[in-house]
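What you see is a predicted model; the values in this text were computed from it and never measured.
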Amino acid sequence: MAYDHVSEELKTHVVDTGKGIKPEDHEKLFKMFGKLKRTAKMNSEGLGMGLMICQQLVTMNKGNIRIISDGEGKGTTAIFSFSAKIA
């Protein structure tokens, strides 16, 4: 987590080294029940709502969330930023 004095944003990111995400699947991640078919067997208990809830919380706080993945087998990074003016 870091504070960017220029943009006045608090930024953080979460990185994994998992299966990665195809570019065409990125939009599915933020939808309700947005589980990816190819990973459903790995996490059969999840509902596919985690990133949708994160996006709603981030947006409510005037922030931004995005996903970066170079494709299958290359992991994924989730980047969150919030407006946070520090006096």
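Across Ile65, Asn64, Leu10, a single residue satisfies side chain to side chain contact (heavy atoms under 4.5 Å, CB included) together with Ser81, and that is Asn64.
Within the 4.5 Å cutoff, side-chain heavy atoms of Thr77 are placed close to those of Ile79. Looking only at side-chain heavy atoms (C-beta outward), Glu8 and Tyr3 come within less than 4.5 Å of each other. A heavy-atom distance below 4.5 Å is not found between the side chains of Lys19 and Glu72.
What you find for Ser69 and Ile21 is that their closest heavy atoms are OG-N, 2.9 Å.
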**OP:** Kindly determine whether Thr76 and Ile67 satisfy side-chain contact (heavy atoms from CB on, under 4.5 Å), including the steps that lead there.
**Re:** CA-CA 7 Å; Thr76 303; Ile67 299 294; 3.5 Å; yes
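By the criterion of side-chain heavy atoms lying less than 4.5 angstrom apart, applied directly or through intervening Ile, Leu, Val, Met, Phe, Trp or Tyr residues, Met52 is grouped together with Met60 in one hydrophobic cluster.
Distance check, rounded to the nearest 0.5 Å: CD of Glu9 to CG of Asp4 gives 6.5 Å.
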